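Whatever order the structure lists them in is the order used to number ligands and atoms, beginning at 1. Computed from a predicted model, the values in this text were never measured in an experiment.
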Amino acid sequence: MQDNYIRFFDTTLRDGEQSPGASLTSNEKLEIARGLARLGVDVIEAGFPAASPDDLEGVRRIAVEVGNASTGQPPIICGLARAVKSDIDAAWDAVRHASRPRIHTFLATSSIHMRHKLRMDPEEVVERVHEMVSYARSLCDDVEFSPEDAGRSEPEFLYLVLGEAIKAGATTLNIPDTVGYTTPDEFGKLIAGIIANTPGIENTVVSVHCHDDLGMATANTLAGIQAGARQVEVTVNGIGERAGNTSLEEIAMALYTRRKVYGCATGIDTTQITRISRTVSNYTGMSVQPNKAIVGANAFAHEAGIHQDGMLKNETTYEIMRPETVGLNRSRLVLGKHSGRHALKVRLAELGYDLGKDDLAYTFQRFKELADKKKTITDADLEALIEDQMYQAHEIYRLDGLQVACGTIGLPTATVRLLGPDDDLLVQASIGTGPVDAVYKAIDAIVGVPNTLLEFHVHAVTEGIDAIGEVTVRLQPENGSSPQRTSPQSGQAHARTYGGYGADTDIIVAGEAYLAALNKLLVASGRFGLAETPTEIAG
Ligand code: KIV
Ligand code: ZN
């Protein structure tokens, strides 16, 4: 491998999924992992298998299905483990099915963490690192070790611990700025010091893992690369614990756009960035802020008259990256009412969706319905349509009909008709503070699962009065009936939340998002005895 090759280690499914409210079903994780493989990441950290049996199963499915791709080299599939035997066993149990498995184990090395969290002496930490890395290495040839809270650890102690990990067989040494405390200058120096002073480090890959508490994660990661790190740990849209992790798209595009400065190569296909960003946002229910670099809705929008004038004269006046480079397709008119099934199939294939016969037939039917309401169907419309299909979990309850009355006089009222688990027709009317509230109250009255709506987000995919609207919601069950999972850092168990997504020209019908989230909650609660099965819709 070239000396200037930067490995992308994606932890969207592990650190990203630890974001408050971002929990994903195992089908969604699998779909994201497929997208990450298409994007060209080198390593997928698929989860923390010791968190719960569900988490172990989710990682195992990714190891089996994404870690053994028949075309090209599949990504390494990695599982996180605390430096304890049972975690390492769980991680190995999950990742061993991949053709290139990795175990990632970690132990804190800052005095704050050793004293208050671990209650261990530095000597005990060194000993445990040696013991657990050796144990992981006895199972797997590829072992990554992270000294947690390295950003606030004594450099001399880090050299010692990392040297011990290398002796025990670690192949990648990851340096986390766990609490996002360091500055780029400090972090670059920390990495340079580690490379210069750790015995045996030349035979390992040095990695960086930064959190964004002070908004410096991207800058710190780039400083780490300049100091010699050759693996970056990142998440799509920068999701992750607290303020999040370094965002994959920012590093990929910084290395690409400023390649003369960094002189580094990557395996990332940047044209997949927009698609994976949308997938992650829709599945997690975590919307991307409009001004987010690279993937925000405004990242390539030019509003000010003076900017528009410059853009019309020459796009490079205000655009340092082409939207096409990140897969943002600006083509306007794609298909319309008279387009046939073949044209739809070809366009979808160009957009990266390879549909089987049945899925295509269903999509074509929905496309025709949409074309009746909307004259021109753009790529963004098609993507919203496909994603809406992909993101529906098991449909225990299905929306069969909906009527809303609202205005300045009288109370907003909704009548909802659902098809229940046994295809029974269930009808309910409710009033609410607004039309959406009325719809959700009516759905709640039928489904009967007490929950708190944590987030409700609407945005228009395209312009115009007939634009497709996307709705993402996040909810949490109220009575603790949802499965619990353990956090790797704190060891605490917490309740899951559930995201739902819907897209339609009618924003109320897009409230199907709510039903999608409720369906996920019901599947997870085991009330309907359903096991998740893989969705095969995406190419
Ligand atoms: O931020 C952190 O320290 C981590 C470790 C588990 C690598 O996520
Ligand atoms: Zn982290």
Salt bridge Lys167-Glu164, side-chain N to carboxylate O under 4.0 Å: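 Yes, charged N to carboxylate O under 4.0 Å.
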
Electrostatic pair Lys85-Glu131, nearest N-O below 4.0 angstrom: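 Here Lys85 does not pair with Glu131 in a salt bridge, since their nearest N and O are not under 4.0 Å apart.
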
Contact check: Asp15 vs ligand 1, nitrogen or oxygen atoms, below 3.5 angstrom: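 For ligand 1, there is an N or O atom that lies under 3.5 Å from one belonging to Asp15.
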
Minimum-distance atom from the Zn ion (ligand 2) among N, O or S atoms of Asp15: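 Of all N, O or S atoms in Asp15, the Zn ion (ligand 2) lies closest to OD2.
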
For ligand 1, which atoms have a heavy atom of [X] less than 4.0 angstrom away?
X: Glu148; value: 3 (O)
X: Ser146; value: 7 (C)
X: Pro176; value: 2 (C), 3 (O)

Side chains of [X] and [Y]: donor-acceptor distance under 3.5 Å anywhere?
X: Glu241; Y: His211; result: no
X: Glu45; Y: Thr11; result: yes
X: Ser247; Y: Lys292; result: yes

Top protein contact for atom 4 (C) of ligand 1, by heavy-atom distance: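 The closest one turns out to be Gln489 NE2, 3.3 Å.
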
Closest protein heavy atom (residue, atom, distance) for atom 3 (O) of ligand 1: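 So the nearest neighbour among protein heavy atoms is Thr178 OG1, 2.6 Å.
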
Structural part of His211 in contact with ligand 1, heavy atom criterion under 4.0 angstrom: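 Answer for His211: side chain.
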
Lys NZ or Arg CZ of Arg82 over Phe48 ring: under 6.0 Å, within 45°: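 No, Arg82 and Phe48 do not form such a contact.
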
Tyr256 six-ring centre to Arg259 NZ/CZ under 6.0 Å and within 45° of normal: yes

Nearest candidate to atom 6 (C) of ligand 1, where distance is taken over non-hydrogen atoms, out of Glu144, His209, Arg14: Arg14

